[in-house]
Novice: 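Next up is a structure, given as structure tokens.
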Amino acid sequence: MDFALTGEQEALRDTAAKYLADDRAADDGQAWAEVTDLGWLDAELGTVELALLAERMGWARSPSPWWATVGLAGPALRAAGRPIAAAATLAWAWAIGPGTLAEAVAAARRPTGARSSTDAPGVGCAVAADGTLTGRAVRVPHALDAVDLVVAATGASGVELRLVDASAVQATPAGAGGQALDESRTVSTVELTCVPSTLLVAADAAADVLALTRRRALALLAAEAVGVAARALTWASGYAATRTQFGAPIGANQAVAHPLAECYGQVETARSLAYRAAWAVDAEPGRVADQAVLTASVAAREAAMTACEVAIQTYGGSGFTWEQPLHHWYRRAWWLATFDGTVADTRAELAGLLLDD
């Protein structure tokens with residue numbers, strides 16, 4: 001393992017920083033074409049390179065469906081030999097009940113016809129004999145932005161991954177405006193009724209592809225959380241250095257300086273763990289990668305939450321106003337902290353990996 005970025009990786013990171021420097025908020029066809037031209041969808045990019053991009057996406061709080069495309073839908077599309085040219089996302093739902101990505105992997109590994117005591121019949125997606133899909137997928141990120149959907153559904157041989165035209169489904173956002181946890185990254189409920197689909201990954205390989213999907217998606221979100229944390233910390237540190245009270249910068253007070261210093265250490269630790277997790281996804285798939293990804297997820301999500309909260313406290317009364325952009329990054333931090341389970345859930349799963357010998 002190299003402990004430093006290569007010249008190409010640094011150039012990719014710097015290019016992303018310049019492109020996202022103006023906090024691009026528009027998510028239209030032109031923006032997606034620019035992302036494609038920049039090579040951010042190229043199959044040659046490893047998870048480390050994608051993590052560098054995700055970190056800058058978090059810094060800018062980008063509304064782009066890039067993460068959902070390369071992180072959630074990408075592994076299935078690559079496994080099927082399909083290039084990524086349009087925005088896509090993964091709708092994980094199966095005939096034996098909806099759940100987290102970890103539960104989707106477990107369902108794909110379960111023998112055909114086996115059921116657990118927690119299965120919820122009548123919810124999810126099922127594959128008919130003619131290849132059409134019927135059912136429901138919940139909490140699907142960027143479903144409204146996607147051109148294609150990769151759907152995990154139960155067929156005759158088990159869980160399959162299938163490609164669906166997003167225009168053929170009905171997507172309803174779960175909350176909008178002030179009700180959304182992060183209005184720039186909505187999640188939706190997707191209804192499918194006899195929707196035509198194309199097989200991407202058969203049941204005998206779906207579990208491995210879903211496991212890779214989860215590792216990559218969580219590794220990229222950890223890097224994104226580092227970007228959110230770094231942006232909040234930069235704002236807070238700059239404000240503490242320039243805002244004066246009683247003739248001195250407020251950062252001269254220990255009550256302001258110490259939380260910022262502790263936050264800096266937390267962010268840098270999370271960054272190191274996020275980079276290691278991204279490396280492990282490609283270099284050491286399996287248990288080692290799972291442990292690295294879960295560790296990075298806990299550290300990065302907590303760092304993002306802490307950094308945003310410390311920044312808001314540093315700004316004082318103005319930090320709690322709607323005019324202060326910090327609350328947008330705080331909402332993204334909350335979204336990251338609750339995706340695919342809470343931080344407590346991730347800690348419990350990590351503990352299980354560490355103790356399960």
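For clarity, every value in this text was computed on a predicted model and none was experimentally measured.
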Novice: So does Glu10 have more than 12 non-hydrogen atoms from other groups sitting under 6.0 Å from CD?
Specialist: yes
Novice: Can you see whether Gln9 engages Glu49 through a side-chain donor-acceptor pair at a distance of less than 3.5 angstrom?
Specialist: yes
Novice: For residues Leu38 and Leu41: do they belong to one hydrophobic cluster (side chain heavy atoms under 4.5 Å, members Ile, Leu, Val, Met, Phe, Trp, Tyr)?
Specialist: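 Leu38 and Leu41: one cluster.
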Novice: Side-chain contact test, heavy atoms from C-beta onward, threshold under 4.5 Å: evaluate it for Val256 versus Leu260 and give yes or no.
Specialist: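 When only atoms from C-beta onward are counted, Leu260 and Val256 do touch, with a gap below 4.5 Å.
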Novice: Does Leu144 reach the side chain of Pro173, with side-chain heavy atoms less than 4.5 Å apart?
Specialist: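 Side-chain contact under 4.5 Å: yes.
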Novice: How far apart are the closest heavy atoms of Leu199 and Val201, and which atoms are they?
Specialist: CD1-O, 3.5 Å
Novice: When you check the gap from the basic side-chain N to the acidic O, do Asp208 and Arg109 get nearer than 4.0 Å?
Specialist: yes
Novice: After noting the C-alpha distance and the side-chain angles of Thr314 and Val310, does the key distance pass the side chain to side chain contact (heavy atoms under 4.5 Å, CB included) rule?
Specialist: CA-CA 6 Å; Thr314 301; Val310 168; 4.0 Å; yes
Novice: Yes or no on side chain to side chain contact (heavy atoms under 4.5 Å, CB included) for Thr89 and Leu149, after CA distance, side-chain angles and deciding distance?
Specialist: CA-CA 5 Å; Thr89 191; Leu149 293 178; 3.2 Å; yes
Novice: With no hydrogens and no angle check, is any side-chain donor or acceptor of Asp130 less than 3.5 Å from a backbone partner on Thr132?
Specialist: yes
Novice: Could you please spell out the steps behind the side chain to side chain contact (heavy atoms under 4.5 Å, CB included) verdict for Thr346 and Leu218?
Specialist: CA-CA 11 Å; Thr346 307; Leu218 294 185; over 6 Å; no
Novice: Residues two or more places apart in sequence or in another chain: which of them pass salt bridge (charged side-chain N to carboxylate O under 4.0 Å, His left out) with Arg301?
Specialist: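 Per chain and number, Arg301 pairs via salt bridge (charged side-chain N to carboxylate O under 4.0 Å, His left out) with no residue.
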Novice: Say whether Leu273 and Leu221 are linked into one hydrophobic cluster, either directly or through other cluster members, by side-chain heavy-atom distances under 4.5 angstrom.
Specialist: no
Novice: Assess the side chains of Ser184 and Arg61: does a donor N or O sit below 3.5 Å from an acceptor N or O?
Specialist: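 Per modelled atom types, Ser184 and Arg61 side chains form a pair under 3.5 Å.
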Novice: Using distance alone, with no hydrogens and no angle criterion, decide if Arg162 and Thr198 have a side-chain donor and acceptor under 3.5 Å apart.
Specialist: no
Novice: Go through the structure and list residues passing salt bridge (charged side-chain N to carboxylate O under 4.0 Å, His left out) with Arg243, not counting sequence neighbours.
Specialist: none
Novice: Quick one: pull up NE2 in His142 and OG in Ser188 and give me the separation to the nearest 0.5 Å.
Specialist: 10.0 Å
Novice: For Ser167, does its backbone N or O pair with a side-chain atom of Asp165 as donor and acceptor, under 3.5 Å?
Specialist: yes
Novice: Donor-acceptor pair, Trp329 side chain versus Cys308 backbone, under 3.5 Å?
Specialist: no
Novice: Any heavy-atom pair between the side chains of Tyr264 and Pro259 that's under 4.5 Å?
Specialist: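 Counting from C-beta outward, Pro259 and Tyr264 never come under 4.5 Å.
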Novice: Could you go step by step and tell me if Leu200 and Val209 meet the side chain to side chain contact (heavy atoms under 4.5 Å, CB included) rule?
Specialist: CA-CA 11 Å; Leu200 292 176; Val209 174; over 6 Å; no
Novice: Taking the side chain as C-beta and beyond, is there a heavy-atom pair between Asp148 and Val164 under 4.5 Å?
Specialist: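 No - every pair of side-chain heavy atoms lies 4.5 Å or more apart.
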Novice: Within the structure provided, determine whether Val48 and Asp282 are in side-chain contact (heavy-atom separation under 4.5 Å).
Specialist: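 They are not in side-chain contact.
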Novice: For the side chain of Thr338 and the backbone of Trp335, is there at least one donor-acceptor N/O pair under 3.5 Å apart?
Specialist: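 At least one qualifying donor-acceptor pair exists.
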Novice: Considering the options Leu101, Val151, Leu77, which one meets the side-chain contact (heavy atoms from CB on, under 4.5 Å) requirement together with Leu90?
Specialist: Leu101
Novice: Supply the atom-to-atom distance Glu349 CD to Leu354 CG, rounded to the nearest 0.5 angstrom.
Specialist: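 Going from the CD atom of Glu349 to the CG atom of Leu354 covers 11.0 Å.
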Novice: Tell me if a side-chain donor or acceptor on Glu302 pairs with a main-chain N or O of Ala299 at a distance below 3.5 Å.
Specialist: no
Novice: Arg287 and Asp356: which non-hydrogen atoms are nearest, and at how many Å?
Specialist: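 Scanning both residues completely, I find the closest heavy atoms to be NH2-O, 3.0 Å.
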Novice: Give a yes or no on this: more than 12 heavy atoms of other residues, nucleotides or ligands lie within 6.0 Å of atom CZ of Arg13.
Specialist: yes
Novice: Is the side chain of Thr244 donor-acceptor paired with the backbone N or O of Gly247 at a distance under 3.5 Å, no angle test?
Specialist: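 Such a contact is absent between Thr244 side chain and Gly247 backbone.
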Novice: With hydrophobic residues grouped by side-chain heavy-atom distances under 4.5 Å, do Val343 and Met305 end up in a single group?
Specialist: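 No, Val343 and Met305 fall in different hydrophobic clusters.
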Novice: Taking Val159 as the starting point, is it possible to reach Leu72 by hopping between hydrophobic residues whose side chains are less than 4.5 Å apart?
Specialist: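 Yes, Leu72 connects to Val159 through the hydrophobic network.
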Novice: Using a 3.5 Å distance criterion without hydrogens, assess whether the side chain of Thr321 forms a donor-acceptor pair with backbone atoms of Ser318.
Specialist: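 Between the backbone of Ser318 and the side chain of Thr321 there is a qualifying donor-acceptor contact (under 3.5 Å).
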Novice: If you take the centroid of each ring, where Trp contributes its six-membered ring, are Tyr275 and Trp279 closer together than 6.0 Å?
Specialist: no
Novice: I need the minimum non-hydrogen distance between Leu181 and Arg331, along with the two atoms involved.
Specialist: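 That closest heavy-atom pairing would be O-CB, 3.0 Å.
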Novice: Taking only Lys NZ, Arg NE, NH1 and NH2, and the carboxylate oxygens of Asp or Glu, determine whether Arg214 and Asp340 approach each other closer than 4.0 Å.
Specialist: yes
Novice: With a 3.5 Å cut-off and no angle check, do the side chains of Tyr330 and Gln324 form a donor-acceptor pair?
Specialist: no
Novice: When you compare the side chain of Leu5 with that of Leu52, does any pair of heavy atoms fall below 4.5 Å?
Specialist: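 Of all side-chain heavy-atom pairs linking Leu5 with Leu52, at least one is under 4.5 Å.
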Novice: Within the structure provided, determine whether Val105 and Leu210 are in side-chain contact (heavy-atom separation under 4.5 Å).
Specialist: yes
Novice: Report whether Trp334 and Trp67 are members of the same hydrophobic cluster (ILVMFWY, side-chain heavy atoms less than 4.5 Å apart, transitive linking).
Specialist: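 Linked within one cluster.
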Novice: List, by chain and then residue number, the residues other than Val147 in its hydrophobic cluster (Ile/Leu/Val/Met/Phe/Trp/Tyr, side-chain heavy atoms under 4.5 Å); write none if there are no others.
Specialist: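 Noted: Val147 shares its cluster with no other residue.
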Novice: Quick one: closest heavy-atom pair of Val293 and Ala219, and the distance?
Specialist: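 Residues Val293 and Ala219, closest heavy atoms: CG1-N, 4.0 Å.
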Novice: Please confirm whether the ring centroid of Trp32 lies under 6.0 Å from the ring centroid of Trp66.
Specialist: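 Not close enough - the centres of the two rings lie 6.0 Å or further apart.
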Novice: Looking at every heavy atom in both Ala241 and Pro249, which two are closest together, and how far apart are they?
Specialist: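 Scanning both residues completely, I find the closest heavy atoms to be O-CB, 3.7 Å.
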Novice: Quick one: pull up CG in Leu220 and CG in Leu53 and give me the separation to the nearest 0.5 Å.
Specialist: 9.0 Å
Novice: Give, for atom OG1 of Thr189 and atom CD of Gln170, the distance between the pair rounded to the nearest 0.5 Å.
Specialist: 10.0 Å
Novice: How long is the span from the CG atom in Leu12 to the CG atom in Leu45, to the nearest 0.5 Å?
Specialist: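 Rounded to the nearest 0.5 Å, the CG-CG separation comes to 6.0 Å.
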Novice: Do the side chain of Trp59 and the main chain of Ala17 share a donor and acceptor less than 3.5 angstrom apart?
Specialist: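 Not at all, since once roles are kept as given, no pair shorter than 3.5 Å links the two residues.
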Novice: Where do Val150 and Ala73 come nearest, in terms of heavy atoms and distance?
Specialist: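 Scanning both residues completely, I find the closest heavy atoms to be CG2-CB, 3.8 Å.
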Novice: Run the salt-bridge test on Glu224 and Arg332 with the 4.0 Å N-O cut-off and return the result as yes or no.
Specialist: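 Yes, charged N to carboxylate O under 4.0 Å.
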Novice: As an exercise, state the distance from CG of Leu50 to CZ of Arg216, rounded to the nearest 0.5 Å.
Specialist: 5.5 Å
Novice: Please work out whether the ring planes of Tyr239 and Tyr315 are parallel, tilted or perpendicular, with thresholds of 30° and 60°.
Specialist: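 If you compare the ring of Tyr239 with that of Tyr315, the planes turn out parallel.
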Novice: Is there a donor-acceptor contact under 3.5 Å from the side chain of Thr154 to the main chain of Ala126?
Specialist: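 Pair absent, no side-chain N/O of Thr154 close to backbone of Ala126.
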Novice: Does Glu34 offer a backbone N or O that forms a donor-acceptor pair with the side chain of Asp37 under 3.5 Å?
Specialist: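 Pair absent, no side-chain N/O of Asp37 close to backbone of Glu34.
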Novice: Would you say the side chain of Trp40 lies within less than 4.5 Å of the side chain of Met57, judging by non-hydrogen atoms?
Specialist: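 A side-chain contact under 4.5 Å exists here.
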